[in-house]
Number of protein chains: 2
Amino acid sequence: MMNNQTDRQTEILLVALELIGKKGIQGLTIKNISKEIGISEPAIYRHFESKTEILLGVLNGLKDMAEMLARIVENYDAIATEKLDFLFSRMLDLFSETPSMVSVIFSEEIFNNDETLKSKINEIVTLHTNTIEAIILNGQNENNIRTDIDKKSLALIAMGSFRLLVKKWELSNHSFNLMEKGKTHIQIINKVLSK
Amino acid sequence: MMNNQTDRQTEILLVALELIGKKGIQGLTIKNISKEIGISEPAIYRHFESKTEILLGVLNGLKDMAEMLARIVENYDAIATEKLDFLFSRMLDLFSETPSMVSVIFSEEIFNNDETLKSKINEIVTLHTNTIEAIILNGQNENNIRTDIDKKSLALIAMGSFRLLVKKWELSNHSFNLMEKGKTHIQIINKVLSK
DNA sequence: GCGAAGTTAGTTAATATTAACTAACTTCCA
DNA sequence: TGGAAGTTAGTTAATATTAACTAACTTCGC
């Protein structure tokens, strides 16, 4: 869970994330990483055993982030809709700061060919799902969230619509202001979920 | 638009779709296609000029399908919610019949590295979006669909939640009955959109 | 007997990884 | 405290494998 990385390792993971974001998974090669950093290809292997290890490092970073976010939201004293607002807003911040993150976190099938990576991605998705479902359940118990639809379906609506918005932003080459449209959409999610 | 393919071409495109579904875009190689069909690698080139041409063929097939579906829904005399039900149900049929289709149609970033393919994928997404938005607008005008939320946001909710459900099915290695959960979710979408 | 569809045997380029070696440090003890 | 020993992070060169694609030849059905 803790960050036991050397500076160079962190640099490599950051560059890897960026490369995936820019050129897709096929653009992530040891050559591209080393070129970007300015060292030779074999030098990468002084810091990671294999390419898979690098990808795993990237995913673990995203998982840590998801866990941290979940913990913050948990201890955030507010009603359900405010918590959801907070959660999605923080994600908007992350995506705006580091657009390449979207390609990795919302493009699970990239890792279809490696079972280890696929299950790591699954962990992250499950983590996000659980966080949102917990908030919704709480809201339902406290009478802020509608109860005529079960928490799983409501979570699907919240997460799914948010994801699609972000994905459209990515597909359109960031042609609109994600922050702005995102904030608006969060309000709509809250409207739909509210009692 | 029309289907000018030879049997062999159709076979190659089908196998390509399946391979992407099973092993991801990195599993789609000329070697794998030829092995699956039972002919040699160069034989593939008797039917398609290049690998990109094959991918383009796959995407064009999906686009034709989307267009056909849109046209059927358009001429289907029913109220908005029934139309949405019909549209999503047909997609569930398609995904259940050909699970590999999901990986291609809902995994746009796979084609990030080729501009031609990327814009083709964009056409398909836009097509689906337009179809759904048109239905919703109609429903709003005919007072079946809620008007306190704009059609674009409602379409995002319908499409986004549906996509996430299907994606979770894929990520979980088809561990649940998509048809069943899908039908249930369509009802929920209709409940949320209805007036 | 001609042309479409197939074959075998290659090519070229890319990719991940390894081998062998080095320069610049830190550690540690006689 | 000075120098041997070890470590860290890098280098260049090579390797094995895989990819897409090609050339030249064969087969087979109309």
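- Atoms CG (B/D7) and P (C/dA4) sit 16 Å apart, rounded to a whole Å.
- Contacts between residues 15-29 of chain A and DNA chain C, defined by a heavy-atom separation under 4.0 Å, are made by A/L28, A/T29.
- In this view, A/Q187 satisfies the side chain to side chain donor-acceptor pair (under 3.5 Å) rule with no residue, not counting sequence neighbours.
- Residue pairs that meet the side-chain hydrogen bond (donor to acceptor under 3.5 Å, both in side chains) test with at least one member in residues 91-101 of chain B, sequence neighbours left out, are B/R90-B/D93.
- Looking at residues 36-47 of chain B, you'll see B/I39, B/S40, B/P42, B/A43, B/R46, B/H47 sit with a heavy atom under 4.0 Å from some atom of DNA chain C.
- Shown here are the side chain to side chain donor-acceptor pair (under 3.5 Å) partners of A/N143, two or more places apart in sequence or in another chain: A/K195.
- With a heavy-atom cut-off of 4.0 Å to chain A, the contacted part of DNA chain D has its first and last nucleotide at D/dA9 to D/dA13.
- Annotation: side chain to side chain donor-acceptor pair (under 3.5 Å) contacts of B/S153 (sequence neighbours excluded): B/D150.
- With sequence neighbours left out, the side chain to side chain donor-acceptor pair (under 3.5 Å) criterion links A/N173 to B/K118.
- With sequence neighbours left out, B/K23 forms a salt bridge (Lys or Arg N to Asp or Glu O under 4.0 Å) with no residue at all.
- Among residue pairs with one or both ends in residues 76-86 of chain B, those qualifying as side-chain hydrogen bond (donor to acceptor under 3.5 Å, both in side chains) are B/D85-B/S89; sequence neighbours excluded.
- Not counting sequence neighbours, A/Y45 has no partner by the ring-ring contact (aromatic ring centres under 6.0 Å, His included) test.
- For the segment residues 51-60 of chain B, residues with any heavy atom less than 4.0 angstrom from an atom of DNA chain D are, sorted by number, B/K51.
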